[in-house]
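We're numbering straight along the sequence, starting at 1.
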Amino acid sequence: MLASIRGSSSLLRTFSTSLISSRPPLSACPSHSRSYATEIWKHTKNVEVEAALARSQELFKKYKPVSPGIRHLRRPLAPHLYEGRPIRALTVARRKNGGRNSHGHITVRHRGGGHKQRIRTLDYMRDAPGVHDVVRIEYDPGRSAHIALLFNQDPTAEATKKWSYIVATEGMRAGDKVQSFRQGIPDGFIPGFEVPQQDTKTLEVNEEGEQVETDNSAQSLAMGILRSMTLKPGNVLPLRLIPPGTVINNIALSPKGPGILVRSAGSFGQVIAHEEGGRYVQVRLQSGEVRKVLKDCCATIGKVSNTMWKSRQLGKAGRARWLGIRPSVRGVAMSAYDHPHGGGRGKSKSNKHPVSIWGWGTKGTRTRKPGPKGPKNSNKMVIRERPRGVEKRGK
């Protein structure tokens with residue numbers, strides 16, 4: 001029967017003619033508008049999805065695999081970096097020791113060789129007040145983050161006070177202006193308002209004789225204006241003037257000391273809470289640890305630059321040697337004298353628990369107990385330790 005239908009062209013022609021004649025005209029078809037809109041929608045493009053895909057593809061610079069060394073090479077895109085040399089007066093020659101101490105013993109393994117480098121002297125104090133211009137963003141071989149060259153607008157500044165390097169925050173570009181308020185908010189910074197140095201809430205006695213917290217509207221308005229003028233990426237502020245939830249970096253642990261926490265690429269801390277009537281501010285660090293920091297300590301607003309640094313791929317072992325990284329050898333490939341896993345015939349682990357070259361457990365063994373769970377008075381500033389094990393995996 002099917003063969004007869006396929007072979008009969010007159011039957012198919014008659015069937016198609018009957019369908020066309022029985023179909024209503026296009027003008028009377030109620031679904032014609034919907035089909036037209038559907039056709040238009042087919043040719044439209046999801047702009048947001050395309051932008052996200054384009055952004056993910058443009059995060060790294062990849063190379064044509066004309067050699068095995070660059071086949072897997074992947075570098076973060078940074079077209080805003082200055083391609084010239086740094087200011088020589090702000091650099092110091094780096095003297096290498098190959099990971100050895102003064103006795104010639106190797107104390108840090110896998111170090112040695114590498115290209116000649118000069119250390120950039122960075123300003124972690126940010127003592128100089130006033131407005132500073134960001135001249136350019138530079139690459140620093142001695143750190144994962146990018147650095148920014150600042151020019152002090154103060155005409156009285158001389159020599160190294162005129163120019164300085166700082167750790168660049170995410171989004172900082174040439175032409176931006178940053179300011180340090182480590183010395184305090186200058187007088188007349190907010191015209192017509194007195195700058196609040198502490199909390200704007202005051203205690204008043206009501207009709208029943210109870211003390212009630214009241215908020216001075218003028219002071220709260222001044223605080224809002226102050227935050228809008230000072231909370232900008234790259235600015236330095238005392239923690240007491242930084243509201244909770246703000247992302248910070250380059251955190252100091254002493255009111256007169258330099259910033260020592262949260263300085264690597266892509267890292268950031270966050271202000272959690274201000275202790276009422278206390279001396280401390282709770283800050284969450286990059287590891288997840290929450291600790292107390294004196295409220296008079298300073299921090300930089302924003303996130304550290306070069307966030308995609310951890311996702312780079314060197315592509316070949318030689319590029320690691322250029323950076324001064326020497327090869328690492330497996331413990332089972334060593335002799336028994338050199339490693340607890342060494343020795344034996346063939347690939348033998350000897351049914352031992354995995355340990356480091358110094359003998360302590362290398363898979364999750366706790367070697368110290370800082371914070372509340374550790375020895376008495378070991379670290380009073382830690383409120384919550386960083387997550388470990390199951391807690392870290394989010395289970």
Side-chain angles (χ1 to χ4, degrees), residues 76 78 80-97 114-154 157-183 232-239 242 247-269 283 285-286 293 297-310 323-324:
H80 58 279
L81 286 183
Y82 177 68
E83 297 182 356
R85 299 195 176 195
I87 297 180
R88 191 172 181 85
L90 298 177
T91 61
V92 179
R94 181 179 180 181
R95 306 303 180 190
K96 300 180 181 179
N97 51 21
H115 198 280
K116 184 185 293 185
Q117 298 174 353
R118 292 190 69 86
I119 298 174
R120 277 67 165 171
T121 56
L122 268 66
D123 182 15
Y124 294 115
M125 292 290 295
R126 304 285 299 273
D127 280 331
V131 181
H132 290 66
D133 296 326
V134 178
V135 179
R136 62 197 184 205
I137 309 296
E138 297 185 9
Y139 165 79
D140 188 353
R143 69 190 69 250
S144 57
H146 295 153
I147 59 176
L149 178 64
L150 300 186
F151 174 77
N152 193 352
Q153 293 185 359
D154 187 4
E158 297 179 356
T160 56
K161 299 294 183 181
K162 199 72 174 176
W163 303 88
S164 62
Y165 280 124
I166 65 168
V167 176
T169 57
E170 185 69 17
M172 183 179 289
R173 295 292 183 269
D176 294 346
K177 298 182 184 297
V178 295
Q179 196 167 356
S180 174
F181 299 97
R182 177 181 280 269
Q183 305 294 343
K232 298 178 181 179
N235 286 0
V236 176
L237 283 169
L239 291 176
I242 302 178
V247 173
I248 57 177
N249 68 84
N250 198 25
I251 307 168
L253 292 181
S254 173
K256 296 183 179 180
I260 60 176
L261 299 179
V262 191
R263 302 193 312 197
S264 62
S267 60
F268 63 93
V283 178
L285 302 179
Q286 185 68 29
V293 183
C297 295
C298 292
T300 306
I301 307 298
K303 182 180 181 181
V304 184
S305 59
N306 200 14
T307 56
M308 303 306 297
W309 178 81
K310 288 186 178 181
L323 298 176

Residue pair K161 / A157: nearest heavy atoms and the distance that separates them: O-CB, 3.9 Å
From H80 atom NE2 to I137 atom CD1, the distance as rounded to the nearest 0.5 Å: 6.0 Å
For the student: nearest non-hydrogen atoms of K177 and N235, plus distance: O-OD1, 4.4 Å
Criterion side-chain contact (heavy atoms from CB on, under 4.5 Å) on I248 and L237, from CA distance to verdict: CA-CA 10 Å; I248 57 177; L237 283 169; over 6 Å; no
Side-chain donor/acceptor of S305 to backbone N/O of A145, under 3.5 Å: no
Side-chain (S144) to main-chain (A265) donor-acceptor, under 3.5 angstrom: yes
Salt bridge (charged side-chain N to carboxylate O under 4.0 Å, His left out) against D127, all qualifying residues, sequence neighbours excluded: R182
L122 side chain near R143 side chain, heavy-atom distance below 4.5 Å: yes
Spatial distance of atom NE2 (H146) from atom CD (E170) [nearest 0.5 Å]: 9.5 Å
Derivation and outcome, side-chain contact (heavy atoms from CB on, under 4.5 Å), residues Q286 and F268: CA-CA 6 Å; Q286 185 68 29; F268 63 93; 3.7 Å; yes
Note, D123 side chain near L150 side chain (heavy atom, < 4.5 Å): no
Heavy-atom pair with the smallest gap, counting every atom of F181 and P238: O-CD, 3.7 Å
Flag for R118-T91: side-chain donor and acceptor within less than 3.5 Å: yes
Nearest-0.5 Å distance that lies between atom NZ in K303 and atom CE in M172: 14.5 Å
Interatomic spacing from CD1 in I87 to CZ in R120 - rounded to 0.5 Å: 11.0 Å
Side chain to side chain, N250 and T169, heavy atoms closer than 4.5 Å: no
Partner residues of E138 under the salt bridge (charged side-chain N to carboxylate O under 4.0 Å, His left out) criterion, sequence neighbours left out: R136
Step-by-step side-chain contact (heavy atoms from CB on, under 4.5 Å) determination, W163 to L149: CA-CA 7 Å; W163 303 88; L149 178 64; 4.0 Å; yes
Minimum heavy-atom distance V134-R173, with the two atoms named: CG1-O, 3.4 Å
Any donor-acceptor pair under 3.5 Å from D133 side chain to F151 backbone: no
Heavy-atom check, side chain of N152 versus side chain of S164, under 4.5 Å: no
Minimal non-hydrogen separation, H132 against G130, with atom names: ND1-O, 3.2 Å
Side-chain donor or acceptor of K96 paired with backbone N/O of G324 under 3.5 Å: no
V167 vs V304 side-chain heavy atoms within contact, under 4.5 Å: yes
Pairing residues for R94 by the side-chain hydrogen bond (donor to acceptor under 3.5 Å, both in side chains) criterion, not counting sequence neighbours: Q117
Flag side-chain contact, heavy atom, 4.5 Å: K232 against D176: no
Smallest separation among heavy atoms of A252 and G257, with atom names: CB-O, 3.7 Å
side-chain contact (heavy atoms from CB on, under 4.5 Å) assessment of V135 paired with Y82: CA-CA 10 Å; V135 179; Y82 177 68; over 6 Å; no
pair P255-C297: side-chain heavy atoms closer than 4.5 Å: yes
V178 side chain near T300 side chain, heavy-atom distance below 4.5 Å: no
